[in-house]
Amino acid sequence: MIAPPDRMPLPREFFDRPVLEVAPDLLGRIVVRTTPDGPIVLRITEVEAYDGGNDPASHAYRGPTARNGVMFGPPGYVYVYFTYGMWHCMNLVCGPEGTARGVLLRAGEIVEGAELARKRRLSARNDKELAKGPARLATALDVDRSLDGTDACITGETPLRMLAGTPVPSHQVSNGPRTGVSGEGAVHPWRFWITNDPTVSPYRAHTPRRRPS
DNA sequence: GCATCGATGGGCT
DNA sequence: GCCCATCGATGCA
């Protein structure tokens with residue numbers, strides 16, 4: 001259960017800060033996904049920061065498109081993209097507006113509504129795996145492109161919103177290179193996770209695809 | 001147990 | 001044509 005003080009909404013100003021400040025500060029914060037069957041609540045344990053137009057690894061690097069338009073909007077909104085022909089991944093837009101910075105949610109712990117998450121994650125062998133990995137996290141929360149552009153900073157029964165939760169002190173935060181990022185973007189240690197947390201996805205160095213013969 | 005492989009589709013250069 | 005995450009199958013300990 002979440003203690004009452006932790007149920008305060010995260011104000012939009014939280015996201016209107018440098019993305020490298022916001023990303024580690026998101027650890028321990030709470031995502032509430034309201035579904036017709038009830039809420040699924042997740043505590044964030046692993047994130048990655050993306051620096052918009054300055055970052056070759058960001059979807060926003062080459063400017064706005066129909067897909068990434070939400071990234072260029074105001075902070076506190078949800079950007080959802082479709083990947084690998086099967087999966088979705090979820091980001092929170094950071095400010096200031098127009099810079100297209102954002103944080104990818106990579107892993108979390110389901111703290112409420114686990115029975116709903118399990119129905120969507122039938123291959124998970126235990127509850128620690130329900131949201132271990134960005135596409136697993138989006139699947140567990142029933143997040144797809146229909147939620148792209150959702151405002152996560154308004155109160156009430158919105159489909160998706162952020163709560164304050166309990167921030168993680170910096171001595172419990174680890175950081176390292178981002179997962180699945182190749183090229184010059186790989187040098188930045190912009191992946192942040194809660195040290196020793198069992199729901200954090202294992203690090204995989206970027207492995208180039210083998211060319212078809 | 002663990003590594004490796006193939007399959008999946010859209011967005012963009 | 002390259003780049004993205006995950007899963008089930010397979011092969012090797």
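Heavy-atom basis, side chains included; hydrogens, waters and symmetry copies ignored. Just so it is clear, the model here is predicted, and its values are computed rather than measured.
Distance check on atom C1': C:dA5 versus B:dT13 gives 22 Å, rounded to whole Å.
Following rounding to the nearest Å, A:M90 (CE) and C:dC4 (C1') show an atom-to-atom distance of 19 Å. The CZ atom of A:R125 sits 11 Å away from the P atom of B:dG1 (whole-angstrom rounding). The distance between atom CZ of A:R121 and atom C1' of C:dG8, rounded to the nearest whole Å, is 13 Å. With rounding to whole Å, A:Y61 atom OH is found 22 Å from B:dG11 atom P. In this structure, A:D148 atom CG and B:dG11 atom C1' are separated by 14 Å, rounded to whole Å. Nucleotide B:dG9 holds its C1' atom 6 Å from the CZ atom of A:F82, rounded to whole Å. Look at CZ on A:R136: it is 8 Å from C1' on C:dC7, rounded to the nearest Å. Distance NE2 (A:H59) to C1' (C:dC2): 13 Å, rounded to an integer number of Å.
If you check C:dC4, B:dC12, C:dT6 against the side chain of A:Y84, the one that comes closest is C:dC4. Ranking C:dT6, C:dC7, B:dC12 by closeness to the A:S123 side chain, first place goes to C:dC7.
The aromatic ring of A:W87 is not stacked on the base of C:dA5, since the criterion of ring centres less than 5.5 Å apart with planes inclined by under 30° is not met.
By the 4.0 Å N-to-carboxylate-O rule, A:E109 lies close enough to A:R43 to be salt-bridged with it. Remark: A:E46 engages A:R191 in a salt bridge, criterion side-chain N to carboxylate O under 4.0 Å.
For A:T83, no side-chain nitrogen or oxygen approaches OP1 or OP2 of B:dG11 to under 4.0 Å.
For the residue pair A:D142 / A:T35, no side-chain donor-acceptor distance below 3.5 Å is found, with atom types taken as modelled.
Looking at heavy-atom distances under 4.0 Å, A:T139 makes no contact with the nucleic acid at all.
Contact annotation: the side chain of A:H59 approaches that of A:Y79 to within less than 4.5 Å [non-hydrogen atoms, C-beta and beyond]. No side-chain heavy atom of A:Y81 sits under 4.5 Å from any side-chain heavy atom of A:D148.
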